[in-house]
Colleague: 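Mind looking over this structure? Questions follow.
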Amino acid sequence: MYRYDEFDAKFVKERVNQFKGQIARRISGELTEEEFKPLRLMNGLYLQLHAYMLRVAIPYGTLSGGQMRMLAHIARTYDRGYGHFTTRQNIQYNWPKLEDIPKALDDLASVEMHAIQTSGNCIRNVSTDHFAGASADEVADPRVYAEILRQWSTIHPEFTFLPRKFKICVIGSETDRAAMRMHDIGLLLKRNETGEIGFAVYVGGGLGRTPMISKLVNDFVSENDLIAYCEAILRVYNMYGRRDNKYKARIKILVHETGLDDLKKDIEEEFERIKDGVLSLPEESIRAIETYFADPDFEDLSKSDAAFEQRVASDRAFAVFAERNLHAHKKTGYASLTISLKPVGAPPGDATDKQMDVMADLAEKYAFDELRISHEQNVVLPHVKLADVPAIYDALVEAKLHSPNAGFITDMIVCPGLDYCALANARSIPVAQRLSERFENIERQKDIGELKLKISGCINACGHHHVGHIGILGVDKKGEELYQITLGGSGDENASVGKITGRGFSSDEIVDAIETVVDTYLDVRETPTEAFIETYRRVGDKPFKQALYS
Amino acid sequence: MKVISANHLHGGHVVFWSKQENWVTSIFEAEVFESGNAFDEAFAKAGLSEKGDIVGVYELDVRLEGTKPVPLKIRERIRVDGPSVPYGEGVVLNRFYAA
């Protein structure tokens with residue numbers, strides 16, 4: 001994992017002290033709310049429906065046991081004993097008090113964490129594949145480049161007041177587990193014909209009220225040109241991105257209105273102007289960052305483990321968990337283990353302080369002191385021995401963190417919705433709770449197979465509903481919550497935006513409606529292994545609409 | 001009918017303008033206005049609190065249920081009553097995905 005150098009530590013300390021001063025000036029009345037608001041947002045502090053909300057950055061979703069334990073401490077000491085993991089691989093606290101924020105930020109800084117650039121019209125937390133560095137199918141570890149991008153983009157003076165927020169994702173394999181194509185800049189690591197590392201660069205993806213899939217702007221940008229090329233894109237966006245209408249200010253609108261060819265010309269011209277200068281990444285700097293993400297000391301293990309296999313054979317619940325929540329690892333005898341934060345009837349993505357402590361303990365004891373937060377709002381132990389999985393599972397059972405539903409219909413992405421968010425129009429969490437109860441039977445979930453269900457409480461689409469195989473969008477209709485269904489979205493390497501089925505459903509109707517969609521899929525799929533999205537792409541929306549509205 | 005609401009600067013919590021012309025945390029104690037001069041004057045006075053420790057003064061529509069002002073919009077009802085779902089340790093996990 002990356003560790004702060006002297007510069008990082010000094011910078012974060014100075015920034016915490018600066019924000020402490022700003023809070024003190026606000027409390028004393030020296031700063032008005034109008035003056036303070038942009039300052040607090042730059043430090044991840046929102047004022048939501050009931051309270052402040054503090055969003056803490058977890059760079060590319062990677063953290064240590066000690067850092068997770070600190071997140072638990074923050075939840076326990078300054079909040080109400082829990083936190084909410086987000087699709088940007090960050091964590092949010094829903095109840096901090098303004099005067100406690102300086103202490104919380106001091107505590108976070110003590111473990112090399114902060115809340116900088118988790119809000120505002122700047123470059124946000126760079127996201128990546130939660131199996132980075134562990135998956136067998138990657139060209140290289142994308143976290144190396146995510147860290148380089150983090151260093152470049154942190155308080156970049158030119159990009160602190162962009163037309164709108166800006167999100168970058170970098171992945172290392174063709175299989176997209178991070179919704180890369182839905183980002184302002186998406187970077188796919190690849191090798192060219194001579195074997196050199198570089199990136200396919202995509203621009204202009206995004207969700208929100210105008211969902212768009214990014215477009216390929218350059219098929220190969222070399223490793224050492226990564227920053228220069230991103231800088232060129234950001235400069236063109238900063239120059240030409242609309243500032244007259246916040247709903248049209250993202251780069252996706254610029255791509256759409258300008259046209260890819262013209263925009264690409266502008267980007268390439270700027271790139272030619274600045275390449276081979278100070279923004280070229282020196283080889284030694286890349287390799288130095290790479291050392292932070294070197295493999296841990298894996299043991300040479302056999303492909304199977306007797307104790308693991310015996311537990312699979314003798315314990316049905318464990319077998320279901322192992323089948324669903326373990327992901328193939330590049331090293332024989334190891335796996336990546338998903339800790340689902342989607343138990344029956346609970347708010348998706350939430351974990352209590354005690355559960356965070358348990359996950360920290362497990363990381364330290366079994367996973368080389370490393371955890372990941374996935375954009376699907378789960379926690380991952382990236383490197384565990386198969387032999388240790390039974391012990392980990394037992395600890396997860398004890399902590400009620402053993403939901404065996406990774407990738408199933410109940411493993412939903414869900415925004416906080418109207419229960420917390422000042423922007424929301426409808427509640428998301430209660431719908432998710434009822435859906436998890438309706439589809440509680442794990443054998444039924446197994447029969448349904450992989451199905452991505454995503455729920456947003458407003459058109460800002462924080463719950464990624466546009467790219468759900470089944471998406472649910474909560475809207476306000478004359479003061480009542482109404483839920484629209486979209487079908488056929490996907491955030492993976494075959495990205496697509498879902499289509500609205502028709503009129504919305506009331507809160508009382510929506511769970512039945514989703515069940516109707518699922519039952520229709522089960523009726524029309526060709527084989528039990530044809531996934532929902534495959535069936536949808538084969539048959540279209542007609543049978544689903546008929547079932548929903550006839 | 002209307003009440004005047006805001007958030008408290010320090011805690012961020014929801015507050016209401018009362019008949020005593022101060023900010024209280026219970027909507028039961030909020031002053032309920034019909035539209036008119038009395039409301040306009042109170043709103044102007046409440047707005048002065050933004051120079052102190054009150055943030056985002058605004059009005060919301062309510063109806064009376066007995067003596068309790070109940071917001072008309074669900075957003076405001078949740079804002080008054082808190083999240084409609086349990087959270088943290090309050091989430092009782094006694095059901096698990098069963099085979």
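So you know, we letter chains A, B, ... as the sequences are listed, proteins then strands, and number each from 1.
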Colleague: Do B:Arg75 side-chain atoms and A:Ala422 backbone N/O form a donor-acceptor pair below 3.5 Å?
Modeller: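 Confirmed, B:Arg75 side chain pairs with A:Ala422 backbone.
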
Colleague: Kindly give the heavy-atom pair with the smallest separation between A:Ala346 and B:Leu93, and that separation in Å.
Modeller: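 Distance-wise, the nearest heavy atoms are CB-CD2, 3.9 Å.
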
Colleague: Measuring from B:His13:NE2 to A:Leu49:CG, what's the distance to the nearest 0.5 Å?
Modeller: 15.0 Å

Colleague: Using non-hydrogen atoms and a limit below 4.5 Å, what part of residues 32-40 of chain A faces chain B?
Modeller: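 Near chain B, by residue number: A:Glu33.
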
Colleague: Can you find a pair of side-chain heavy atoms, one from A:Asp350 and one from B:Val91, that are under 4.5 Å apart?
Modeller: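 Not in contact.
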
Colleague: Quick check on A:Pro347 against chain B: is it the side chain, the backbone, both or neither that has a heavy atom closer than 4.5 Å?
Modeller: side chain

Colleague: So how far is it from A:Tyr420 OH to B:Tyr87 OH, rounded to the nearest 0.5 Å?
Modeller: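 Between A:Tyr420 OH and B:Tyr87 OH, I get 6.5 Å after rounding to 0.5 Å.
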
Colleague: Is chain B contacted by the side chain of A:Glu437, its backbone, both, or neither, given a heavy-atom distance below 4.5 Å?
Modeller: both

Colleague: Can you measure from NE2 (B:His10) to CZ (A:Arg26) and round to the nearest 0.5 angstrom?
Modeller: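 So the gap between those two atoms works out to 8.5 Å.
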
Colleague: Taking non-hydrogen atoms and a cut-off under 4.5 angstrom, which of residues 396-407 of chain A neighbour chain B?
Modeller: A:Lys400, A:His402, A:Ser403, A:Pro404, A:Asn405

Colleague: Minimum heavy-atom separation for B:Asn7 and A:Leu47, please, with both atom names.
Modeller: CB-CD2, 4.0 Å

Colleague: If every non-hydrogen atom of A:Gly479 is compared with every non-hydrogen atom of B:Ile74, which pair is closest and at what distance?
Modeller: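 Shortest heavy-atom separation between A:Gly479 and B:Ile74 comes out as O-CG2, 4.0 Å.
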
Colleague: For residues B:Gly82 and A:His50, report the shortest heavy-atom separation together with the two atoms involved.
Modeller: CA-CE1, 3.5 Å

Colleague: When rounded to the nearest 0.5 angstrom, what is the spacing between CG in A:Asp419 and CD1 in B:Ile78?
Modeller: 5.0 Å

Colleague: Got more than 12 heavy atoms from elsewhere within 6.0 Å of NZ, A:Lys20?
Modeller: yes

Colleague: Tell me, side chain or backbone of A:Lys446 under 4.5 Å from chain B's heavy atoms, or both, or neither?
Modeller: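 Interface part for A:Lys446: neither.
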
Colleague: Could you check whether any side-chain heavy atom of B:Tyr97 comes within less than 4.5 Å of a side-chain heavy atom of A:Val344, counting everything from C-beta outward?
Modeller: yes

Colleague: Does some side-chain heavy atom of B:Glu89 sit less than 4.5 Å from a side-chain heavy atom of A:Arg80?
Modeller: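 SC-SC contact between A:Arg80 and B:Glu89 ruled out.
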
Colleague: Can you name the closest pair of heavy atoms from B:Ser84 and A:Pro430 and give their distance?
Modeller: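 The pair with the smallest heavy-atom distance is OG-CG, 3.8 Å.
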
Colleague: Can you check whether B:Leu9's main-chain N or O pairs, donor with acceptor, with A:Tyr52's side chain at less than 3.5 Å?
Modeller: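 Yes; at least one donor-acceptor contact below 3.5 Å.
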
